[in-house]
Amino acid sequence: MLHDVYTTIETAIKETSGTADALLTDGGEHADFASTVAFALAKQKKQAPVKIAQDLVADLRKRPELSGMTIEAKGPYINFIFGNAYVSEVLKAAVQPGYGNLEKKTTRVVLEHTSANPNGPLHVGHIRNSIIGDTLARAFRKAGYPLEVQYYVNDMGRQIAIVVWGFDNLDSAQQTGEKEDAHIARIYIAANREIEKDEGITQQVNTLMQLVENGDPATVKKFRNEVSRCLDGFRVTMKDLNVAHDRFVWESDFIRNGDTERIINKLKGMPQAHEDETLYLDLSEFGFENKYVIRRSDGTSVYAARDLAFHAWKGANFDRIIDVLGADHKLIGAQLQCTMKILGEKVPEIVYFEFVSLPEGSMSTRAGKFVSADDLITEIRKRAFDEVTARRPELDEESRKAIAQSVGLAAIRYDIVKVSPEKNTIFDWKEALDFERQSGPYIQYAHARACSILEKAGEFAECYDMETEQEIILAKQIAKFPRVIEKVVTELRPHILATYARELADTFNTFYHFEPVLKSEGKIRDRRLTLVKAVQNTIKESLETLGIDAIRSM
RNA sequence: GGGCCUGUGGCUUAGCCUGGACAUAGCGCCGGGCUUCUAACCCGGAUGUCGGGGGUUCAAAUCCCCCCAGGCCCGCCA
């Protein structure tokens, strides 16, 4: 609906001014929309921008399609302020369940995220991938797309071979109470130490890799077994984070089913292909200087070959392919996109996020230097439980635990998703455990507050005619929600939703402190309750799209 | 050496793609607000060479060029 209004204004400006671009932008604090078209016309019309703006406003006010809207010239700016009819329309939609759902689409989307190597637990860097990916997934579903979310299981890598070697050759018993993925990390770290001491082990690891590629049943079974155990651990962590995948796709399947062989044969026929000891592509004409190796001299395939096969398969089954990958994948991601394009296959869209490091430096599973997501979850639940206990001592332990779990989840997810993905971040315990403003719990609190008012209010007659400045500001903030969802899926930037949800909570809190709801009477009470219902519903939809529980009490 | 990303008050951060009205907010700091709808809150104040320099433009945090600093990448690893 906001979109329709935008188009209407845009067309009106173009027709009135005769320009090709209406230069229409968000009006910020001044207006709902504003145009700077007067600046652009100043030179050609040889008139002052202020005069041009005044003349245009006079003409625009005559247009019937803009009636009900306040149009004014403020210096060279032309401001558009929506009328009450617009606000009423918005609120009618915003009180309905599923507000913000966009129209159903038929484009089938496949989204891959997390896909961490199964050689140790998910750490705070991996879950940046999970949370960006899962939030995008929720936004796509809200935007009406049929979507499948996949986890690509790298079960043939050197890391896994090292894990398998460790289990075969070291003291590898699982300790009591030790989670599967933590157990695997312990063996992986120990095995790497052995490799540093004795170079001969590398040969044994290479042998394991050859055996698995050739399909040696015993080796394949060992690899599958350890990888599965690690994934079981991941599933627990991801469930705690409210992150879900529809399908786990195993890398080795693309060897077994012949897809990798098929794509290699196809690549051989390309003009960019070169075959000496290895098979590689020369992509220098596209700006890539290094060789893009597809097959080793010993005949085994490399990761890139399997990845090409995987993406060709995705392209055959879906209309749009999106991958969420760490910034370290930028080069190979670009090479993959380039190669898919040359092959005439669908080109994946890739969302990159920069690294999360620790105050003491980069994280490394191999070196055992990382903060695991499980540790973070445990700590944050403890901290949240203490907080709930201090604030709500009257609640029984079970209720406090449930709230703490939701609050902890909110704190983690929001803390990660609120930052632009291209920003390098340093994990900070103090900040992660903060529940104040610009946090998930802050937004949950605003929601719980709205729920509390509605619960106390009981029945009321919905009224959509807002009057005071605070009411209208809040209603217009609510109006932006569907556009935010649209923007997230268009730009593939979920942090936009995080910012929006916080701003909506801010606006509601300000309203709450200035405009009494339950204490007002008659029509004023009805319309404010309607507004609270709309804001409660919009915050709820926002939180759920962020993968955060919209709890009714906290 | 080359490529990509980042650099915004003491700290963290939005805005940058699509240039425009006093640069967004949080933490911290100073001062206020709970016998009143949940104070995980609200209101007010101080704090900014938008990394540096050049350029384009009526107008630059935003576009272009150069430089500086940090991160990542440039493997017959994944």
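Worth knowing before you read on, the calculation uses all heavy atoms, side chains too, and leaves out hydrogens, waters and symmetry mates. A, B, ... follow the sequence lines: proteins, then strands. Residue 1 opens every chain. This one's a predicted model, so the numbers in the text were calculated from it and none came from an experiment.
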Can you check the A:Glu387 CD to B:U38 C1' distance for me, whole Å? 14 Å
Atom-pair distance (OH on A:Tyr292; C1' on B:A78), nearest Å: 12 Å
Starting from P on B:G33, measure out to CZ on A:Phe514 and report it in whole angstrom. 15 Å
Can you check the A:His329 NE2 to B:A78 C1' distance for me, whole Å? 7 Å
Nucleotide nearest A:Arg449 when distance is taken to its side chain, options B:C41, B:C5, B:G2: B:C41
As a test of reading the structure: which of B:C77, B:C37, B:C5 is closest to the side chain of A:Leu518, going by heavy atoms? B:C37
Sub-3.5 Å donor-acceptor pair from the side chain of A:His311 to the main-chain atoms of A:Val347, do we have one? no
Has the side chain of A:Thr510 got a donor or acceptor that lies under 3.5 Å from a partner of the other kind on the base of B:C42? no
With a non-hydrogen cut-off below 4.0 angstrom, is A:Lys43 in contact with a base, only sugar-phosphate, or nothing? sugar-phosphate
Out of B:C58, B:A78, B:C41, which has the shortest distance to the side chain of A:Tyr445? B:C41
Rounded to whole Å, please give me the gap between OH in A:Tyr512 and C1' in B:G33. 13 Å
Could you state the atom-to-atom distance from CG of A:Asp415 to P of B:A25 in whole Å? 20 Å
May I ask you to verify whether the side chain of A:Asn79 and the base of B:A21 hold a donor-acceptor pair under 3.5 Å? yes
Suppose we define a pair by two distances each less than 3.5 Å, Watson-Crick or G-U wobble; what does B:A60 pair with here? none
In whole angstroms, the gap separating C1' of B:A78 from CG of A:Asp328 amounts to 10 Å
Classify the side chain of A:Glu277 and the base of B:C76 as holding, or not holding, a donor-acceptor pair under 3.5 Å. yes
